[in-house]
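Have a look at the structure below before the remarks.
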Amino acid sequence: MSSRRSGSRQSGVARITDDQIADLVSKLQQLIPEIRNRRSDKVSSSTVLQETCNYIRSLHKEVDDLSDRLSELLASTDSDSAQAAIIRSLLM
């Protein structure tokens, strides 16, 4: 058992078991396309966590890009139009 886990028990923080960690990593593995599409079932926990971070970063970038595109579209649309109202609602 790592010193971090044993130390957290002493400080009163709820203890998470190795089985719970394995279950959470397995759930992440099913959610991340890069891992889910691999042929091999064996992927290390560290790989799952790294791919999860990469996936979250890519989602953030995609959201930022889409937000920028919507802002540009809004700037080129009549501000009183129904289309502009829809775009503004998507940006909120």
Side-chain angles (χ1 to χ4, degrees):
M1 181 176 296
S2 75
S3 61
R4 280 186 288 174
R5 276 195 235 151
S6 61
S8 67
R9 267 190 290 170
Q10 293 170 357
S11 64
V13 175
R15 179 175 173 245
I16 185 166
T17 67
D18 289 343
D19 288 340
Q20 289 170 317
I21 291 171
D23 184 51
L24 292 170
V25 168
S26 176
K27 288 177 182 177
L28 279 175
Q29 189 173 353
Q30 295 167 18
L31 293 172
I32 307 302
E34 281 292 318
I35 299 171
R36 190 177 55 224
N37 296 334
R38 289 186 184 165
R39 302 226 188 276
S40 173
D41 289 337
K42 281 291 188 186
V43 179
S44 71
S45 295
S46 63
T47 299
V48 172
L49 293 174
Q50 184 62 51
E51 290 295 336
T52 300
C53 291
N54 293 340
Y55 186 60
I56 291 170
R57 280 189 206 100
S58 74
L59 290 175
H60 276 284
K61 183 180 181 323
E62 189 173 345
V63 166
D64 289 343
D65 292 346
L66 289 171
S67 180
D68 290 345
R69 287 175 55 195
L70 281 172
S71 294
E72 291 169 8
L73 185 58
L74 182 60
S76 67
T77 306
D78 178 22
S79 62
D80 294 329
S81 70
Q83 185 180 20
I86 293 169
I87 294 170
R88 275 194 298 275
S89 73
L90 292 171
L91 290 171
M92 298 300 170

Going from [atom1] on [X] to [atom2] on [Y], what distance comes out if it is rounded to the nearest 0.5 angstrom?
X: S26; Y: I21; atom1: OG; atom2: CD1; result: 13.5 Å
X: I35; Y: Q50; atom1: CD1; atom2: CD; result: 10.0 Å
X: D19; Y: L24; atom1: CG; atom2: CG; result: 11.0 Å
X: E72; Y: S67; atom1: CD; atom2: OG; result: 10.0 Å
X: R57; Y: T52; atom1: CZ; atom2: OG1; result: 10.5 Å
X: D68; Y: L73; atom1: CG; atom2: CG; result: 12.5 Å

Same cluster or not: are [X] and [Y] linked, directly or through other Ile, Leu, Val, Met, Phe, Trp or Tyr residues, by side-chain heavy atoms under 4.5 angstrom apart?
X: L66; Y: L74; value: no
X: I32; Y: I56; value: no
X: L59; Y: L28; value: yes

Of all heavy-atom pairs between [X] and [Y], which one has the smallest distance, and what is that distance?
X: S79; Y: A84; result: O-CB, 3.8 Å
X: R36; Y: Q30; result: NH1-O, 3.0 Å
X: T47; Y: S44; result: OG1-OG, 2.8 Å

Check ion pair D65-K61 (N to O, under 4.0 angstrom) =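 The answer is yes: the pair qualifies as a salt bridge.
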With a sphere of 6.0 Å drawn around [atom1] of [X], does it hold more than 12 non-hydrogen atoms of other residues, nucleotides or ligands?
X: E62; atom1: CD; value: no
X: E34; atom1: CD; value: no
X: R69; atom1: CZ; value: no

request  = Mind running side-chain contact (heavy atoms from CB on, under 4.5 Å) on I87 and Q83 for me, showing each step along the way?
outcome  = CA-CA 6 Å; I87 294 170; Q83 185 180 20; 4.1 Å; yes
